[in-house]
Number of protein chains: 2
Amino acid sequence: MPNMNDAKWTETLSFRLSTLGVLVADQYAEALAVHDLKPKHVGLLEVLGSGLAGSQLEIAKLMRVAPSLVVSLADHLESMGAIERLRDPADRRRQILSLTSEGRDLLAECTAKALVLDAKVAAELTSSQHAALSEALGRLAASYGLPVRK
Amino acid sequence: MPNMNDAKWTETLSFRLSTLGVLVADQYAEALAVHDLKPKHVGLLEVLGSGLAGSQLEIAKLMRVAPSLVVSLADHLESMGAIERLRDPADRRRQILSLTSEGRDLLAECTAKALVLDAKVAAELTSSQHAALSEALGRLAASYGLPVRK
DNA sequence: CTTAAATCATTCACAGTATAAACGATTAGA
DNA sequence: TCTAATCGTTTATACTGTGAATGATTTAAG
């Protein structure tokens with residue numbers, strides 16, 4: 001006998017959450033392409049912009065990413081002049097990364113792109129749906145605990 | 001002057017939607033690992049299970065994926081005995097894919113894993129939050145139109 | 001002090017995922 | 001009939017990310 005709940009699964013929370021989430025993430029990635037950036041580059045910019053920053057190793061932990069990846073992300077951002085590397089005088093193994101003013105501008109532009117995308121998503125919803133979605137996602141975000149771009 | 005809405009962005013719908021979505025997608029992928037499957041393998045099984053199936057090219061279009069990827073996904077599933085390839089007698093270029101009974105069982109197990117994951121997500125929410133989230137995501141899913149796993 | 005172990009950034013080799021282009025078999029159309 | 005298009009497959013390749021090895025520096029032990 002064929003199983004009974006084929007159709008149901010695509011209406012599941014986790015299915016929709018993951019498919020829509022990946023879709024939005026892809027759209028965001030696409031919007032960033034004009035700046036020659038990937039989401040993780042922006043993630044690094046955001047970490048630096050939030051002031052939580054520090055050494056590359058700390059950034060790697062914050063972003064839950066291999067330290068060697070931080071190197072290549074930072075290389076790219078540095079080559080475009082968005083960030084600076086500065087040896088920590090107190091511990092000359094460490095590289096302290098910081099935003100340049102160009103980097104701050106770039107981050108602002110990326111944020112703007114994100115807000116545009118956000119508006120497109122919001123446009124599909126009534127304001128009460130928007131509020132409810134926001135609250136529920138906020139709850140989930142709090143319990144899963146991740147203010148970091150993947 | 002530093003820009004004003006640094007903190008705000010991480011509370012955005014699209015940010016939370018994409019980060020949480022990717023997170024859930026990752027957890028789902030992890031849950032599938034015991035079956036030696038990736039989400040896209042299951043996506044293919046789901047397409048076949050839904051009866052929309054047909055030739056590999058049609059499947060590729062449904063899944064929005066390169067035809068050559070369907071080949072390798074199908075190779076893997078065929079090697080585990082989950083699907084069968086059958087030349088279309090009417091057009092012997094086409095391969096018609098179909099689920100074997102083992103394939104149906106496998107799909108059911110994957111669906112079960114997904115429901116477990118779904119329950120974990122739901123456990124973080126009140127029932128009214130759950131309902132609201134479900135409705136809002138449903139609306140978005142409808143307007144973006146994608147009942148297909150990514 | 002001096003030497004051994006740990007730490008940070010970097011490089012290098014590699015695995016995994018996906019695509020696009022080239023190819024052979026088959027079918028459709030002029 | 002023979003030319004062009006289609007389907008599946010193979011092959012080459014790009015891309016993202018990881019982990020292990022390396023070199024520079026710092027910390028800890030004796």
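Both backbone and side-chain heavy atoms feed into the values below; hydrogens, waters and symmetry mates do not. Every chain is numbered from 1 and lettered A, B, ... according to where its sequence line falls, protein lines coming before strand lines.
With A:H41 contributing its side chain and A:K38 its backbone, the two residues share a donor-acceptor pair below 3.5 Å. With hydrogens and angles ignored, the 3.5 Å screen pairs no side-chain donor or acceptor of A:T12 with any backbone N or O of A:F15. At least one donor-acceptor pair under 3.5 Å links the side chain of B:T111 to the backbone N or O of B:L107.
Contact check of residues 72-92 of chain A against DNA chain C (heavy atom, cut-off under 4.0 Å) returns A:R85.
Nearest heavy atoms, B:R92 versus B:R87: O-NH1, 3.0 Å. Pairing each heavy atom of A:G138 with each of B:R16, the nearest pair is CA-NH1, 3.3 Å.
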Sort me out a list of protein N/O and nucleotides 5-7 of chain C N/O pairs below 3.5 Å, or just none if empty.
| residue | atom | partner | partner atom | Å |
| --- | --- | --- | --- | --- |
| C:dT7 | O4' | A:R93 | NH1 | 3.3 |
| C:dT7 | O2 | A:R93 | NH1 | 2.7 |

Between the protein and nucleotides 21-23 of chain C, which nitrogen or oxygen pairs come in under 3.5 angstrom?
none

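At a threshold of 4.0 Å, the pair A:D75-A:R85 counts as salt-bridged, since one of the basic side-chain nitrogens sits closer than that to a carboxylate oxygen. In summary, B:E58 and B:R94 engage in a salt bridge, as defined by a charged side-chain N under 4.0 Å from a carboxylate O.
Atom NZ of B:K61 is separated from atom P of C:dT19 by 15 Å (rounded to the nearest Å). One can place CG of A:L69 at 14 Å from P of C:dT11, the figure rounded to the nearest angstrom. Look at NE2 on A:H41: it is 12 Å from P on D:dC15, rounded to the nearest Å. The distance from atom CG of B:L44 to atom C1' of C:dT17 is 16 Å, rounded to the nearest whole Å. To the nearest angstrom, P of D:dT18 lies 11 Å from CG of B:D26. Going from atom CD of A:E30 over to atom P of D:dC15 covers 16 Å, rounded to whole Å.
When each of A:E58 and B:V65 is assigned the nucleotide of DNA chain C with its nearest heavy atom, A:E58 is the one assigned upstream, toward the 5' end.
Listed nucleotides D:dG8, D:dT18, C:dC8 differ in distance to A:R94; the shortest reach to its side chain belongs to C:dC8. Here D:dG8 is the nucleotide among C:dA9, D:dG8, C:dT19 with the atom lying nearest to any side-chain atom of B:S55.
Between the side chains of A:T100 and A:E84, no donor-acceptor pair of N or O atoms lies under 3.5 Å.
Counting only heavy atoms from C-beta outward, the side chains of B:L77 and B:L37 approach each other to under 4.5 Å. In this structure, A:L86 and A:S98 have side chains that are not in contact, with every pair of non-hydrogen atoms separated by 4.5 Å or more.
Using a 4.0 Å cut-off, some side-chain N or O of B:K40 falls inside it from OP1 or OP2 of C:dA18. For C:dT10, one of the phosphate oxygens OP1 or OP2 lies less than 4.0 angstrom from a side-chain nitrogen or oxygen of A:Q56.
Put simply, the residue from A:V70, A:I59, A:L97 that forms a side-chain contact (heavy atoms from CB on, under 4.5 Å) with A:V47 is A:I59.
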